[in-house]
**Q** 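The structure's right below; bear with me while I get my questions together.
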Protein chains: 2
Amino acid sequence: MARKQGSHSDITGPKVQAAALRLISQHGFAAVSMRQIAAEVGVQAGALYNYTPDKQSLLFELMRNHMQDLLADWDQQDKSGTTLARLERFTRFHIRFNLPRADEVFISYMELRNLSPDNFAKIEQMRREYETGLEDILRDGEREGTFAVPDVRIATMALIAMLNGLNSWYRDNGRLGLDEIETIYWDLVRKSVAV
Amino acid sequence: MARKQGSHSDITGPKVQAAALRLISQHGFAAVSMRQIAAEVGVQAGALYNYTPDKQSLLFELMRNHMQDLLADWDQQDKSGTTLARLERFTRFHIRFNLPRADEVFISYMELRNLSPDNFAKIEQMRREYETGLEDILRDGEREGTFAVPDVRIATMALIAMLNGLNSWYRDNGRLGLDEIETIYWDLVRKSVAV
DNA sequence: GTCTATAGCGGGATAGAC
DNA sequence: GTCTATCCCGCTATAGAC
């Protein structure tokens, strides 16, 4: 009946990730101890090392998983249509993907400096790859005259920063629904690059 | 001649702030030790406690000083003219104030969660006060028909997030000068709230 | 796979001499 | 005002029993 005590790798593994995600998002990587994470999971600190070689790898896995999900989801989006339609699709995708992942997004921006140089480079490359998705849309629209963007790279960074800001104040039970917020942000984005 | 050894309060005080600013900005509050700060200043760890009652107060002072400077400088700006002129003035002021203060700005956004609840409330109130400066401009412009802003509060947050993003990628020796960058951002801001 | 126990280190903060 | 020395605590990571 009850499975043998002390054999829960398939359960404990995800729980470690979830606990680390929540605690690091709330308190910061440097401020969270392996003991805290273990306590949240319901094991002793030593047991965590069955799932991660060290604390650094735990952080890296959280960030890599998040970026992999982001890139995979974006890859599956429709890439056809006018540049305006593509820009709207990017805007709405970005909001819809990021908003339900507040902890992951927060960590991905706040804890970059706590990555080892090697790990940092890997995450940065993935982030750059994602940004290129928007940059290409803006460049195409600029060339064909749909958009007026003095500097495509700056506009890319500016728009992503604007969209990311949403995560810092959005609350599920706020006065506006997700659809309304999406539309308001799309209005800002659309006009900011308009001719 | 040489002043009496062990009496440098007027020199050491600012050096402690400067060292804390630099180190916390680079590594994060939780990751920086009082010993590291002391080493950067050139004293022993115990000597720091002549200048701060504890580590928490050191962080709070950094953030409070930054916000006080911001509010004081903004208060001195010209508040007259059309709403469009006021919006341009805010945009350029924000960029010009924040860009040379990369460490302070970074800390003010990254280390909020390391403030005690009391200190957090004080900093948040100052930030909110500053945001109101932009919010008022947008609301006035919306009322008189100069701007088309579906939601003033969201637009305020979105524009500030966009402008703050500049700090994360700007480098002094980059391909664009400060004036050019200001103008590019002003173009994005102006159009995003245009009718 | 998890536990207990611990090694080895570094943290914040204080005491008291100078 | 700064120093040295230290208290007491918590940290990451490992060892070995079960």
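Order of the sequence lines sets the chain letters (A, B, ...), proteins ahead of strands, with each chain counted from 1.
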**Q** Show me the pairs that pass side-chain hydrogen bond (donor to acceptor under 3.5 Å, both in side chains) and involve residues 170-180 of chain B, at least two apart or across chains.
**A**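 For residues 170-180 of chain B, and leaving out neighbouring residues, the side-chain hydrogen bond (donor to acceptor under 3.5 Å, both in side chains) pairs sorted by first residue read Asp151(A)-Arg175(B).
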**Q** Is the shortest distance from a Lys or Arg side-chain nitrogen in Glu182(A) or Arg96(A) to a carboxylate oxygen in the other one below 4.0 Å?
**A**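 Salt bridge flag = yes for Arg96(A) with Glu182(A).
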**Q** Assess whether a salt bridge exists between Glu131(A) and Arg153(A), defined as any Lys/Arg side-chain N lying under 4.0 Å from an Asp/Glu carboxylate O.
**A**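 Yes, charged N to carboxylate O under 4.0 Å.
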**Q** Do we get Arg113(A) above Phe29(A)'s six-membered ring, with its NZ or CZ under 6.0 Å from the centre and within 45° of the axis?
**A**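 Negative - Arg113(A) is either too far from the ring of Phe29(A) or too far off its axis.
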**Q** Once the angle between the rings of Tyr185(B) and Trp169(B) is folded into 0 to 90°, is it parallel (under 30°), tilted (30 to 60°) or perpendicular (over 60°)?
**A**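 If you compare the ring of Tyr185(B) with that of Trp169(B), the planes turn out parallel.
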**Q** Using ring centroids (six-membered ring only for Trp), state whether Phe97(A) and Trp74(A) fall under 6.0 Å.
**A**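 Between Trp74(A) and Phe97(A), the centre distance exceeds or equals 6.0 Å.
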**Q** Are any of Thr12(A)'s side-chain N or O atoms less than 4.0 Å away from OP1 or OP2 of dG1(C)?
**A**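 Checking Thr12(A) against dG1(C): no side-chain N or O falls below 4.0 Å of OP1 or OP2.
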**Q** Specify the closest pair of heavy atoms between Ala30(B) and Ala30(A), including all atoms of both residues, with the distance to one decimal.
**A**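 Reported closest heavy-atom pair: CB-CB, 3.8 Å.
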**Q** For the side chain of Ala47(B), counting heavy atoms from C-beta on, which of dT14(D), dT2(D), dA13(C) is nearest?
**A**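 The listed nucleotide nearest to Ala47(B)'s side chain is dT2(D).
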**Q** Please figure out whether Tyr49(B) or Ala45(A) has its closest DNA chain C nucleotide nearer the 5' end.
**A**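 Here Ala45(A) is the residue nearer the 5' end.
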**Q** Please find out if less than 6.0 Å separates the ring center of Phe106(B) from that of His66(B).
**A**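 Ring centres of His66(B) and Phe106(B) not closer than 6.0 Å.
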**Q** In dot-bracket, 5' to 3', how would DNA chain D read with Watson-Crick or G-U wobble pairs under 3.5 Å, [ ] for crossing ones and | for pairs to another strand?
**A** ||||||||||||||||||
**Q** With respect to the side chain of Lys55(A), which nucleotide from dG1(C), dG12(C), dA13(D) is positioned closest?
**A**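 That would be dA13(D).
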**Q** For DNA chain C, determine which residues of residues 15-37 of chain B have any heavy atom closer than 4.0 angstrom to one of its atoms, and list them numerically.
**A**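 Val32(B), Ser33(B), Met34(B), Arg35(B) - these, ordered by number, are the residues of the stretch whose heavy atoms sit under 4.0 Å from the strand.
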**Q** Figure out the CG/P separation between Asn50(B) and dG16(C), and round it to whole Å.
**A**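 Whole-Å distance recorded here is 16 Å.
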**Q** Please state how far atom CD in Gln56(B) lies from atom C1' in dA13(C), giving the value in whole angstrom units.
**A**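 Answer to the nearest Å: 15 Å.
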**Q** Starting the side chain at C-beta, find the nucleotide from dA13(C), dA13(D), dC3(C) nearest to Asp54(B).
**A**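 Minimum distance to the Asp54(B) side chain belongs to dA13(C).
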**Q** What residues from residues 59-66 of chain A pass a heavy-atom cutoff of under 4.0 Å to DNA chain C?
**A**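 Per residue number, the list is empty: none.
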**Q** For Asp103(A), check side-chain contact (heavy atoms from CB on, under 4.5 Å) against everything at least two apart and list the hits.
**A**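 Asp103(A) satisfies side-chain contact (heavy atoms from CB on, under 4.5 Å) with Leu21(A), Arg22(A), Ser25(A) once adjacent residues are dropped.
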**Q** Nearest to the side chain of Gln44(B), which nucleotide is it out of dT2(C), dC3(D), dA13(D)?
**A**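 It is dC3(D).
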**Q** If we ignore angles and hydrogens, is there a donor and acceptor under 3.5 Å between the side chains of Glu111(A) and Asn114(A)?
**A**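 Asn114(A) and Glu111(A) do have a side-chain donor-acceptor pair below 3.5 Å.
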**Q** Would you please name every residue forming a side-chain contact (heavy atoms from CB on, under 4.5 Å) with Phe120(A), sequence neighbours left out?
**A**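 Phe120(A) satisfies side-chain contact (heavy atoms from CB on, under 4.5 Å) with Leu112(A), Leu115(A), Glu124(A) once adjacent residues are dropped.
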